Amino acid sequence: MNDWQRKSPVDWETYVNKMVKVAAIEKHEYEGWVLTVDPVSASIVLATFLENEKVSISVVLGHAVQKVEILKEGDDEMKQRLSYIFAPEESKAYSPEELEKRKNNLKTWLETNHIPVTEQGESGRTLCVAGVLTIDPPYGPEECSSSNEIILSRVQGLIQGYLEKQQ
């Protein structure tokens, strides 16, 4: 086990949103912005911004990491760019306030129609319907997820009808 793998998740978190140079085995070097570090394997996920707003993602496996050097701190604009890399396109169009309003309106509508709904997740961003279906931001039919296809189809239809009435 190398020094990098011996670090704790709290130590790895200090590298997130920073430009780093990673020295790996066989004299390989990687540079990029740290998106995250996997707490199990100690693998580093790096993002590099290319032209045309394209992004290259690289993963340096934890066992191969020999040294990590911080080159640059990320400012608020960079943190925002990094957070949007894996965000769904639809959620980019809504401010946090708009998403909260959409969530609360949908939750109220579901409760009014006697459909049991709770909020889950550490920030309460995900709605959970009857314990078998989840709805993630921006709270449309496409963001519904369930292993029960019948419930999934019916709730998606209800939400689609609700959204059409809202317009």
Side-chain angles (χ1 to χ4, degrees), residues 8-20 31-41 43-60 70-167:
S8 74
V10 175
D11 295 330
W12 291 322
E13 192 175 18
T14 62
Y15 291 88
V16 174
N17 294 327
K18 295 185 176 135
M19 170 68 86
V20 298
E31 275 189 30
W33 293 93
V34 178
L35 282 171
T36 190
V37 178
D38 176 52
V40 175
S41 67
S43 298
I44 306 171
V45 180
L46 299 173
T48 309
F49 294 97
L50 311 171
E51 63 276 348
N52 302 335
E53 288 298 308
K54 294 198 185 285
V55 180
S56 171
I57 303 294
S58 327
V59 177
V60 183
I70 296 175
L71 302 176
K72 185 175 169 187
E73 298 281 331
D75 57 12
D76 288 340
E77 182 184 337
M78 182 53 69
K79 289 176 185 174
Q80 192 78 29
R81 282 180 77 186
L82 292 168
S83 72
Y84 279 157
I85 289 176
F86 292 116
E89 285 297 319
E90 300 84 29
S91 69
K92 293 179 188 176
Y94 300 102
S95 70
E97 295 80 23
E98 289 172 311
L99 285 174
E100 186 68 20
K101 183 180 176 195
R102 285 177 64 94
K103 178 186 79 172
N104 291 334
N105 289 345
L106 178 59
K107 182 179 179 191
T108 301
W109 182 81
L110 289 167
E111 289 171 338
T112 302
N113 288 284
H114 307 290
I115 298 171
V117 61
T118 58
E119 294 178 18
Q120 69 181 44
E122 60 190 49
S123 58
R125 290 175 41 128
T126 301
L127 293 176
C128 182
V129 176
V132 295
L133 179 135
T134 59
I135 310 167
D136 292 311
Y139 308 104
E142 302 82 26
E143 288 76 42
C144 293
S145 176
S146 176
S147 59
N148 185 319
E149 291 182 34
I150 295 168
I151 292 174
L152 178 64
S153 173
R154 290 194 179 158
V155 173
Q156 283 177 321
L158 287 171
I159 293 173
Q160 186 65 46
Y162 161 75
L163 292 174
E164 288 168 3
K165 285 180 185 175
Q166 297 298 104
Q167 294 174 345

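Just so you know, these numbers come straight off a predicted model, no measurement behind them.
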Just by modelled atom types, is the T108 backbone N or O under 3.5 Å from a matching donor or acceptor in the T112 side chain?
yes
Interatomic distance, T36 atom OG1 to L82 atom CG [nearest 0.5 angstrom]:
11.5 Å
CD of Q166: more than 12 outside heavy atoms within 6.0 angstrom?
yes
So does Q120 have more than 12 non-hydrogen atoms from other groups sitting under 6.0 Å from CD?
yes
I need the minimum non-hydrogen distance between I135 and G140, along with the two atoms involved.
CG2-O, 4.2 Å
Can you tell whether the side chains of E100 and K103 come within less than 4.0 Å, N to carboxylate O?
yes
Give a yes-or-no answer on whether the side chains of E164 and Q160 include a donor-acceptor pair shorter than 3.5 Å.
yes
Qualifying residue, where the test is side chain to side chain contact (heavy atoms under 4.5 Å, CB included) with I57 and the options are L46, T48, L35
L35
Do other residues, nucleotides or ligands put more than 12 heavy atoms under 6.0 Å from the CD1 atom of I150?
no
Just checking, any donor-acceptor pair under 3.5 angstrom between side chains of E143 and Y139?
no
Rounded to the nearest 0.5 Å, how far does CD1 of I151 lie from CG of L158?
11.5 Å
Sorted by chain and number, sequence neighbours left out, side chain to side chain donor-acceptor pair (under 3.5 Å) with S41 holds for D38, S43
